[in-house]
Amino acid sequence: MAVPHAQPGEVIDVGPLGSDLTGTRTTALLKGERIEVIRLVMPAGKELAEHKAPGEIVVHCLEGAIAFTALGKTEELTAGKLLYLNPGEPHSVRALEDSSFLLTIALRP
């Protein structure tokens, strides 16, 4: 069953999942005309191969640790760390630990 997207003015919880982390799936939290926010949940060792996003992206690690590769270097993001990329920048992600993070994509009109 699909989880409905948050509606304008609706408060949603994006805090760490804690003990629920391993039982939670990746979820699109909201999608508007020009923005999309997704909570990605990745078990340790999982990788997302190099890809590009259509708009600017912000990656905010909520818990765990991920290796984020872009612009010729790999950065480790842990809880509370945030990273920004320009549109179309190739990048890849690898979970170093069981992790959840927010992906915000600024969509073009």
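Given the structure is predicted, the values throughout are model-derived calculations rather than measurements.
Among residues two or more places apart in sequence or in another chain, the side chain to side chain donor-acceptor pair (under 3.5 Å) test is passed with Thr24 by none. Residues satisfying the side chain to side chain donor-acceptor pair (under 3.5 Å) test with Glu50, not counting sequence neighbours, are none. Residues satisfying the side chain to side chain donor-acceptor pair (under 3.5 Å) criterion with Ser100, sequence neighbours excluded, are Glu63. With sequence neighbours excluded, no residue forms a side chain to side chain donor-acceptor pair (under 3.5 Å) with His60.
No donor-acceptor distance shorter than 3.5 angstrom exists from the side chain of Asp98 to the backbone of Pro43, with no hydrogens or angles considered.
Across all their heavy atoms, Thr78 and Ala65 have their closest contact at CG2-CB, 3.9 Å. Pairing each heavy atom of Pro54 with each of Pro87, the nearest pair is O-CB, 3.9 Å. A pairwise comparison of heavy atoms in Ala95 and Ser99 identifies CB-OG, 4.5 Å as the closest pair.
Rounded to the nearest 0.5 Å, atoms CD1 (Ile12) and CD (Gln7) are 10.5 Å apart. Separation of atoms NE2 (His5) and CD (Glu36) is listed at 6.5 Å; rounding is to 0.5 Å. For the atom pair CD (Glu75) and SG (Cys61), the distance works out to 13.0 Å, reported to the nearest 0.5 Å.
Here Ile38 sits in one hydrophobic cluster together with Leu40, Met42, Leu48, Ile57, Val59, Ile66, Phe68, Leu71, Leu77, Leu83, Leu85, Val93, Phe101, Leu103, Ile105, Leu107; the rule is ILVMFWY side chains under 4.5 Å apart, joined directly or through other members.
Side-chain atoms of Val41 and Arg39, non-hydrogen and from C-beta on, do get closer than 4.5 Å to each other.
The ring pair (Phe, Tyr, Trp, His ring centres under 6.0 Å) contacts involving residues 11-53 comprise His51-His91, where partners must be two or more places apart or lie in separate chains.
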Exercise for the section: Show your working on side chain to side chain contact (heavy atoms under 4.5 Å, CB included) between Arg94 and Leu96 and close with a plain yes or no. Expected result: CA-CA 6 Å; Arg94 181 171 44 91; Leu96 303 172; 3.0 Å; yes
Exercise for the section: Go through the steps for Leu102 and Leu29 under the test side chain to side chain contact (heavy atoms under 4.5 Å, CB included), then give the verdict. Expected result: CA-CA 9 Å; Leu102 293 181; Leu29 301 175; 3.8 Å; yes
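Other residues, nucleotides and ligands contribute only 12 or fewer heavy atoms inside 6.0 Å of the CD atom of Glu33.
Under a hydrophobic clustering in which Ile, Leu, Val, Met, Phe, Trp and Tyr are joined whenever their side-chain heavy atoms come within less than 4.5 Å, directly or via other members, Leu62 and Leu30 fall into the same cluster.
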